[in-house]
Every structure is written in C-alpha cells, then in structure tokens.
K.L.:
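Submitted below is the structure of interest, expressed as structure tokens.
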Amino acid sequence: MPDRTRSESHSRKALRRLRRSELPGETVELARYLIGKTLGHDLAEGRVSGRIVETEAYPIGDAAAHAFRGETARNRSLFLEKGHCYVYFAYGSCWMMNVSSEEAGVGAGVLIRALEPIDGLEIMERNRGTSRRTDLTRGPGRLAEAMRINKSLDGLDLCSRQSPLWLAAPVQPTGDIGVTTRIGLSREAHRQLRFYERVNPFVSGPKSVLI
DNA sequence: AGTGCGATTGACT
DNA sequence: GTCAATCGCACTA
C-alpha cells in the first residue's frame, strides 16, 4: 500500500488525546498501559505518529533508573507529574524518550523503545536517512530520530492541549502483551520490566513469552 | 580536572 | 552473529 493511502486512512480516524487522569499512577502499570497507544509529534511539515509497541519501566527505587540517585539538572523531568516528557542523550549519539510516571517530586519513568509507524512515513524516512520500514522506529534511538524528538522537547507536558508532542488513544486493537527483562542494563538486570506487543515486527529485541 | 561508563546503533564477518 | 564509535554525565580527588 502506498504511504499516502495508508496515511490518509489513519488520519480520517479521530484521535483522542489521553488525559492525565486516565494514566495509571504507578510506573509499571503505565509501561503496560502505554502499549498500543499512539505517540504523535506535530511538525511544521506535517504529523509523525506511531503505535507504541515496546516500553520499559524504571520504577521508584530501581538502581538502574536515572532518577535513582536523586534529582539533577539532567533528570529533573522524571520528577514532574506523570505524563511529562524526559529526553536524554545516550552513547554520544542517540536521544531517548521517557514518560514521567509518578506524582510530582517522585522520580520514575517509562522508556518508549519502539513504535509502529502510522502517519508521516515520508518525514520519518527523511529524518532517519533510510526507507527501510522496520528500521524507522525500531529501537529508542531510532524512534526519537524518526519522530524528531530531542532535548528541546524535554519537560513537555504530553497531556497538554497545546503540546506538539502528545499521547492518544489506540487507532487499532492492541494485541497480546509479553514481558521480558530490560535491554542493555548491568544493574537490576533480572527484573521483568520490559513490555511489548507479542506479534509485531517493529519490536526491537528478544520476545521471550512470559505472559 | 580526570576518569569510567552507559536505558544504542550501524557497520561488518 | 560480533564490535567499537562517541560524548554527556556523575563520581572521585
């Protein structure tokens, strides 16, 4: 199916932005809840959006979490009320996006690890420098580049009406959800805090089935 | 001021 | 499948 047809068919569907009150108030619950929801970014040249198909929870007290050692200039967005955006730079090359997940003053978040592209595939291809569909948004660094998410969006309220970066209700039914250990960690490596849609080619890593 | 280390990716065998 | 580039940040002195 040509990109334009696919894009138009999705755009016709009314998007309902998620209200803060409907987000679960606990980090692990939010990580599971976000699977199947829509993440969008309204750019000058058009909208880019995708279905969230993979997340990781970094809950309160988790030694692998950026917030574990307390609030700093870098991680302060994790301490905003649930539904705010925390963006950080990793490995000298990648931006990654989290959704803050607890009450104000408590540091925790959910890393968005992969999307299934919905709108703006041409824009994503330009942003990523590739037209290989499965490489556009599979992985936290790749999806940030495709969606043009960077430090300038750090601290944004994803539930605000005016926000260019937003969360919305699912555009199609959500499939079965699986759980595994998180990817790329040395500490707390045993914890089962990675969630993904089980049958989806845009999921970035292993798919052990534990649920 | 110096050091070590990643919540990864893309290139390559 | 393996592997190293890359640089901001936190930690030590």
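Lettering of chains follows the sequences in order, A, B, ..., and the numbering in each one begins at 1. Below, all heavy atoms of this structure are taken into account, side chains as well, without hydrogens, waters or symmetry copies.
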K.L.:
Once side chain to side chain donor-acceptor pair (under 3.5 Å) is applied, do any residues pair with A:Ser77, and if so which ones, sequence neighbours excluded?
P.N.:
A:Asp154
K.L.:
So A:Arg128, base contact, sugar-phosphate only, or nothing? Heavy-atom distance under 4.0 Å.
P.N.:
sugar-phosphate
K.L.:
List for me each residue that meets side chain to side chain contact (heavy atoms under 4.5 Å, CB included) alongside A:Glu81, sequence neighbours excluded, and say none if there are none.
P.N.:
A:Arg20, A:His84, A:Ala104
K.L.:
Under the ring pair (Phe, Tyr, Trp, His ring centres under 6.0 Å) rule, what pairs show up with a residue in residues 114-165 of chain A, not counting sequence neighbours?
P.N.:
none
K.L.:
I'd like the 5' and 3' limits of the part of DNA chain B contacted by chain A, with heavy-atom contacts below 4.0 Å.
P.N.:
B:dG6 to B:dG10
K.L.:
Measure the shortest side-chain to side-chain distance between A:Phe195 and A:Val179 over non-hydrogen atoms and say whether it is less than 4.5 angstrom.
P.N.:
yes
K.L.:
Taking side chain to side chain contact (heavy atoms under 4.5 Å, CB included) as the test, write out the residues that go with A:Arg138, two or more places apart.
P.N.:
A:Thr134, A:Asp135, A:Arg142, A:Ser204
K.L.:
Not counting sequence neighbours, which residues clear side chain to side chain contact (heavy atoms under 4.5 Å, CB included) with A:Ala189? List them please.
P.N.:
none
K.L.:
Can you pull the salt bridge (charged side-chain N to carboxylate O under 4.0 Å, His left out) pairs that have at least one residue in residues 168-183 of chain A, sequence neighbours excluded?
P.N.:
A:Asp62-A:Arg182
K.L.:
One character per nucleotide, please: for nucleotides 3-13 of chain C, 5' to 3', B when the base has a protein heavy atom closer than 4.0 Å, S when only the sugar-phosphate does, - otherwise.
P.N.:
---BBSSSS--
K.L.:
Find the runs of at least 3 consecutive base pairs, i with j, i+1 with j-1 and so on, that include DNA chain B, using Watson-Crick or G-U wobble geometry with both distances under 3.5 Å.
P.N.:
B:1-6 with C:7-12, B:8-12 with C:1-5
K.L.:
Mind checking who shares a hydrophobic cluster with A:Tyr58, ILVMFWY linked at side-chain heavy-atom distances under 4.5 Å?
P.N.:
A:Leu78, A:Phe79, A:Tyr86, A:Tyr88, A:Met96, A:Leu111, A:Leu185
K.L.:
Please list all pairs passing the ring pair (Phe, Tyr, Trp, His ring centres under 6.0 Å) test where one or both residues lie in residues 89-132 of chain A, with sequence neighbours left out.
P.N.:
A:Phe89-A:Trp95
K.L.:
What pairs meet the salt bridge (charged side-chain N to carboxylate O under 4.0 Å, His left out) rule with one or both residues in residues 34-53 of chain A, with sequence neighbours excluded?
P.N.:
A:Arg17-A:Asp42, A:Asp42-A:Arg47, A:Glu45-A:Arg148, A:Arg51-A:Glu116, A:Arg51-A:Glu197
K.L.:
Take A:Gly184 and A:Asp135, find for each the nucleotide of DNA chain B with the closest heavy atom, and name the residue whose nucleotide sits nearer the 5' end.
P.N.:
A:Gly184
